[in-house]
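Indexing begins at 1, ligand by ligand and atom by atom, following the structure's order.
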Amino acid sequence: MRKSQNLKGNSTSEDTETELQDDSSFFSVEELNRRLNASSALGSSDPKKSPTLLDPSSSNELKVSPNTTKTNLLPKAAGASRPSSRATSPNNIKRVSDFSFGEIIGEGSYSTVLSATENNTKREYAIKVLDKRHIIKEKKVKYVNIEKEALYLISKHPGFIRLFYTFQDTQSLYFVFSLARNGELLDYIYKLGKFNEACVQYYGALLLDSIDFMHKQGVIHRDLKPENILLDDNMRTKIIDFGSAKIQKTAEKSEQLSDDLPTSDNHSRSFVGTARYVSPEVLNDKNASTASDVWAFGCILFQMLTGKPPFVAGNEYLVFQKILHLSYEIPIDVSETASDLIKKILVLHPNERLTTKEIRDHPFFSSMRFDKSLWEIPPPRLKPTGHTSTLSLSVPGFVSKSAGDINEQTRPSTLSVSSAYPTPNTPVNTTFSLPSPLEYEEMNKRWHSVLLEDEKISKITVLNVSSMPGSGTHEAVRFFSSLFRKKRPRTFILTTFGRCLLVAMNSAGRATIKEELPVKSVGLRVHGVKNSDHTWVMETPTRSWSFEDPREPASTWIELINRATSITTAFENHSVTSFSRSIARSIS
Ligand SMILES: Nc1ncnc2c1ncn2[C@@H]1O[C@H](COP(=O)(O)OP(=O)(O)OP(=O)(O)O)[C@@H](O)[C@H]1O
């Protein structure tokens, strides 16, 4: 296997050929419960019988308390984890003290993922930490097992994240993965708007080859989406998150291989997946099949080609309606060959959908060779193709950093992809990080008409926003307005005075405030939304706003809004004059 050096000069986990070493005993509810009980009864566990339980005197022992939260279950952050006196635990099963944990690089519904360096080898990994109590409570033990088994089945293919070790301590389960340093495919789609067709062919081919292999191993992923596709040091794709996977039985598998028709999962009738990528058959009768993964693949191809998934709407119900009615449009700038492929994949009936083999043979992929050499050719430079004019925002005057060539520019050195700033042609789903001081100055000038005297922009980004009457209004009014609730892209400005503004340019090119969010309203509630890490809600008794930011988690925003509330409070107490000036200004 390839030898690689990371940016710090450390060798990466990909360097090692080690077979999966795991503590398989913890993957049963009984064993998990037994160990949890043992740990609760402090000291009653028998380390000989449970070789992977940490020594209670170890600095890395994580104590169970009834008030334990997800965060304090985590190993200590960067540098805090002291190397163990013993390099590894008995039977070569790893333990927390074998690693120094770094920053949190991702969070899932049931896990937190941290970067980590193995103390002995200095190899870097991504370690997924799952809270045992939470897994048991939510009845997810079965899925933890499936994830491990699926990862084992597909481990020989380069298109998947590699699982190296599993282990546990009293409170958590640990999956040690190869570290995909270049973040999620989704980041690049947002950053570039959309990919040119050469890039879509290349990345589409890597994914197709991976999906094909995965299906031959009897694994249906069931949650394929750009967030679950990571990019490694060489900008090649690694599919992650097998927590929703289904493993087919051998009989099903051989049937599938003989006739190449989609095999379905008749046993699992629960909805899994993500609304925008879920197939019509899963919505209709909850039957997931290999064709359901092909459907999701079609949605991802569409998203790479156009910048957004084919089925988007203000809420999940409307997304489902669009999927069931096959209501999507291919923009005219997509080539005929690509459109033809999309139309043959996004087909309602799974048996009429192209199979992975048929997709490989489609003219869109005629330049790609589906063999080992596919994974050896250098990735094409990631380039956007122009912009979708109907989606562009009118935010003039910013230095564009989004367009161009990602591979050409310095690649992001960490997992967080530095984002672009609003430009007149930036697609709506893009979000933006803080600009440099010079760009700040420029922005403050551009938006000065919405700012107060001495007030500066603290954060500017584009969010999808919808609003409706608050919980204090009549239920019928709320119900009907929910039917027409539409998320619209809006430029959001947080100012140094703590004001949160939704702004737009008028036809004369002048920035105007569309709305000022009532960060100090009595009865204001700011909260996240179940099943969506990137959506949050601001609610007053009379009005509620729902925000979606595909890049930044809702928790960051909730913290920001809370901070804005305290800033405006301080501001009001100390600087009444500025408010008077602002009123005078708005009148003039
Ligand atoms: N090997 C890795 N290298 C780098 N980042 C990773 C790796 N594995 C996971 N991540 C990051 O952590 C996030 C959460 O991981 P993952 O999707 O596996 O968790 P999960 O609990 O299964 O999530 P979900 O709620 O989507 O099921 C990912 O979206 C990704 O950004």
Pick, from Glu184, Glu124, Lys238, the option with the minimum heavy-atom distance to atom 31 (O) of ligand 1. Glu184
Please work out which of Gly106, Ser111, Ser244, Ser115 has its closest non-hydrogen atom nearest to atom 13 (C) of ligand 1.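 It is Gly106 whose heavy atom sits nearest to atom 13 (C) of ligand 1.
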Logged contact type for Leu230 with ligand 1, heavy-atom cut-off 4.0 Å, is side chain
Select one of side chain, backbone, both or neither to describe which atoms of Glu147 lie under 4.0 Å from any atom of ligand 1, heavy atoms only. neither
Looking at ligand 1, does any of its N/O atoms fall within less than 3.5 Å of an N/O of Lys225? no
Taking distance alone, with no angle check, do Ile240 and ligand 1 share an N/O pair under 3.5 Å?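 No, Ile240 has no N/O under 3.5 Å of an N/O on ligand 1.
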Under 4.0 Å to a heavy atom of [X] - the qualifying atoms of ligand 1, by number:
| X | result |
| --- | --- |
| Tyr110 | 21 (O) |
| Phe177 | 1 (N) |
| Ile161 | 1 (N) |

Under-4.0 Å salt bridge between Glu376 and Arg236: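 No, this pair does not count.
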Ion pair Glu184/Lys238, N-O distance below 4.0 Å: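 Salt bridge: no.
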Under 3.5 Å, side chain of Ser292 to main-chain N/O of Ser289, donor-acceptor pair present?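 Yes; judged by distance alone, with no hydrogens or angles, the pair exists.
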Donor-acceptor pair, His215 side chain versus Ala291 backbone, under 3.5 Å?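 No, His215 side chain to Ala291 backbone: no donor-acceptor pair under 3.5 Å.
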Minimum heavy-atom distance between Ala288 and Ile220, given as atom pair plus value: O-CD1, 4.3 Å
Partner residues of Trp557 under the side-chain hydrogen bond (donor to acceptor under 3.5 Å, both in side chains) criterion, sequence neighbours left out: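 Only Asp549 meet the side-chain hydrogen bond (donor to acceptor under 3.5 Å, both in side chains) criterion with Trp557.
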Does Asp209 have any side-chain hydrogen bond (donor to acceptor under 3.5 Å, both in side chains) partners at least two apart in sequence or in another chain, and if so, which? His157, Trp375
Would you say Ser178 touches ligand 1, if touching means a heavy atom closer than 4.0 Å? yes
